[in-house]
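Each chain gets a letter, A, B and so on, in the order the sequences are listed, and its residues count up from 1. Worth knowing before you read on, the calculation uses all heavy atoms, side chains too, and leaves out hydrogens, waters and symmetry mates.
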2 protein chains.
Amino acid sequence: MNRSKVTIKDVALEAGVSVATVSRLVNGTSIVSAATAAKIQETIQKLGYEPNLMARNLRKKETRVILIVCPNVTNPYYAHILAGITEASYQQGFSAVMYTTNCDPERELEGIQMLYKGRVDGAILMDGLRDHQVFYNAASRFPIVQCSEYVDTEIAPAVCIDNYQASRDMMAHLLGLGHTKIALISSNNDYVSTKIRTQAYKDSLLEAGLPVDPEYIKLGSSDYSFQSGRACALELLQSENPPSAIFCISDTFAFGSIIAAKELGITIPEELSISGFDDVEYTTMHHPFITTIAQPCYELGRTSAQMLFERLEKHSAETGLVYLDHQLVVRESTAKKKTYLTHQDTDLMVNNYSKEKK
Amino acid sequence: MNRSKVTIKDVALEAGVSVATVSRLVNGTSIVSAATAAKIQETIQKLGYEPNLMARNLRKKETRVILIVCPNVTNPYYAHILAGITEASYQQGFSAVMYTTNCDPERELEGIQMLYKGRVDGAILMDGLRDHQVFYNAASRFPIVQCSEYVDTEIAPAVCIDNYQASRDMMAHLLGLGHTKIALISSNNDYVSTKIRTQAYKDSLLEAGLPVDPEYIKLGSSDYSFQSGRACALELLQSENPPSAIFCISDTFAFGSIIAAKELGITIPEELSISGFDDVEYTTMHHPFITTIAQPCYELGRTSAQMLFERLEKHSAETGLVYLDHQLVVRESTAKKKTYLTHQDTDLMVNNYSKEKK
DNA sequence: CTGAAAGCGCTAACAT
DNA sequence: ATGTTAGCGCTTTCAG
């Protein structure tokens, strides 16, 4: 294994020109006479010369590499964003180094260090750093764009969907279907998206004159595990006063809920409506297909990358929130609230009715 | 945004020592007196010094970065391998740059170039390069390990499961259940794994004295799409002489087949057995849970990375195939061939019986 | 249009 | 134990 050897000097020597000329040709920095250009090209081919990027980077103080910090790759949501980022990077002639953090603050820090060590020119953060100071320090010195999650949008831009409006849309759909007993399966992580979706759920209920019942709010695992969604739904469905609809802040929770309902012999959507969030691929792999909010993951990734390149190359310094369009996708897991009523239902509707009229 | 500035020189000046001493302390290359060490540490803290990796890399001619070349990240199979690689890299103090190729030869080449350009020390290939010459050139000069797919295992090691044995195991399971009409849903890609699984299917049939019927072999899309699996199954199931079992070389094909069977009112596993391959997470998200071959994806990734580090740090040059254990996971999608028979079945069994006895 | 030469920030002899 | 110095391979003034 004889590692890369031929340098610009070798080419210059062989072609009978100076290294400067070779450099100029390779980089297109300034014009080179046709004759020498040809000779240099030829020797580059002959010798199999490839410029050493480390040397170039050191000299130019730029790497053309970006850093991607993300919680994990196995979550399809992140995987699709990643795909968008790598595609945009490829097109822009950048490479991407990946740091998966599992939301561990120590790893988040270690990832961010790449910026200080000069290994990358900028970063895309899909992980809302636990240690905010780390974020503030880094974002004030280096080009950073936040994707999906964010710490602060004033100091570095963030690209995501309008989680509040999306959640309101879904709740409007559920409410419009006549549901009044709508439960929420949220998460015990501290993502801004989680907080916003939860808030929108509450606001929607309140605006509709419905009570926010703490019994109707369950918290799944921080990584949105399918099993924790199932457990939450089981609790909800086996309670004294089960909901007729469940608003899940993640598709995986919706999945778990569907399984739970099946186990309990509850039919969907006839007896129970369930909605998801994100629209990852497996929402349409089995019936009932899940009603959900579609996020443009790939575009989220692409846009984040493009904004970072903008910052890098044009020294743009715009900050703030950039919303990409979401979409309410109505499929098979939600339907009109059943019209034949149990005694319990009747009682509650009377209660709610009076509230709505207040 | 004032990019990283403070250099080793600044630290040396401030601490009143030479750059060499600072370097020695930072790298632990040789011993430094407690007193000066303390003073240097202090100024490093004060100035917020971080060694510039580009300069270090240039000087040491090593980057401590590895390259990951993979077809795409959104496929959970690759995503899990990736997770294993990044974890091992983190532990070894390496970074990983990612190149997704979508199996495009041009991109495969561009990814490999990183080796020649000195941006990375070695590479893990999860994409069996279309242009074999590119592989041979690169593998003869740089440390490379192949994961899952491979071009040649003599020139660079490969880590994967024993696809032949795994497929034989699955076929033995199906055959043991009494199935004689076993179809195959393979893929039209040119992966070695595909070829090997297909061969094992044929060998198993032949050894059992069963014919290899070309009508029973369908080719799904190269990227194992769910929909193409469904289409293949539909063809198989609606034919004159439908199979009683389908051996799918991918879980997604098995998925599509289950959907197809449901659409046709065929019950699983009573009327039809279906087996998958890989054991990606969604094999147990819906009933029937899929009988499949579990691949240790995460371990595949970890092991590949470790082998690469071995090559990098200990200059080991072992090649050859490294098999990790697979597992036949019997779940709900396969069962004994039904015992009540149609006329057609009876006819065929007689035929097969005579063959088996030959 | 081309060449000479000065570094980019760091490590590793080679001295002391 | 510490300092001096020579590059790593490249880009980029500055001259010509």
Fill in the blank from the handout: With B for base contact, S for sugar-phosphate-only contact and - for none (protein heavy atoms under 4.0 Å), nucleotides 11-16 of chain D reads BB----
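The CZ atom of B/R64 sits 18 Å away from the P atom of C/dC10 (whole-angstrom rounding). Note: CG (B/N52) to C1' (C/dC8) measures 8 Å, nearest angstrom. Rounded to an integer number of Å, the gap from A/L58 CG to C/dT11 P is 12 Å. Going from atom CE of A/M54 over to atom P of C/dG7 covers 24 Å, rounded to whole Å. As rounded to whole Å, 9 Å separates atom P of D/dG9 from atom CG of A/D10. Rounded to a whole Å, the NZ atom of B/K39 is 18 Å from the P atom of D/dA1. Taking atom CD on B/E62 and atom C1' on C/dC10, their separation rounds to 13 Å, with Å as the unit. One interatomic measurement links the two molecules: CD1 of A/I40 to P of C/dC1, which rounds to 13 Å at whole-angstrom precision.
In this structure the side chain of B/F142 never reaches within 4.5 angstrom of the side chain of B/I112, judged on heavy atoms. In this structure the side chain of B/R24 reaches within 4.5 angstrom of the side chain of B/T21, judged on heavy atoms.
Residue B/K61 places at least one side-chain N or O closer than 4.0 Å to OP1 or OP2 of D/dG9. For B/K117, no side-chain nitrogen or oxygen approaches OP1 or OP2 of D/dG9 to under 4.0 Å. Side-chain nitrogen and oxygen atoms of A/T7 include none within less than 4.0 Å of the OP1 or OP2 phosphate oxygen of D/dG9. Regarding contacts with the backbone of D/dA1, every side-chain N or O of B/T36 stays at 4.0 angstrom or more from both OP1 and OP2.
In the model, A/T63 has a side-chain atom that pairs as donor or acceptor with a side-chain atom of A/D121 under 3.5 Å. A donor-acceptor contact closer than 3.5 angstrom links the side chains of A/S148 and A/Y77.
Rounding to the nearest 0.5 Å gives a distance of 5.0 Å between OH of A/Y90 and CZ of B/R107. The SG atom of A/C297 sits 11.0 Å away from atom CD1 of A/I85, with the distance rounded to the nearest 0.5 Å.
A salt bridge links A/E313 with A/R64: the closest approach of a Lys/Arg side-chain nitrogen to an acidic carboxylate oxygen falls below 4.0 angstrom.
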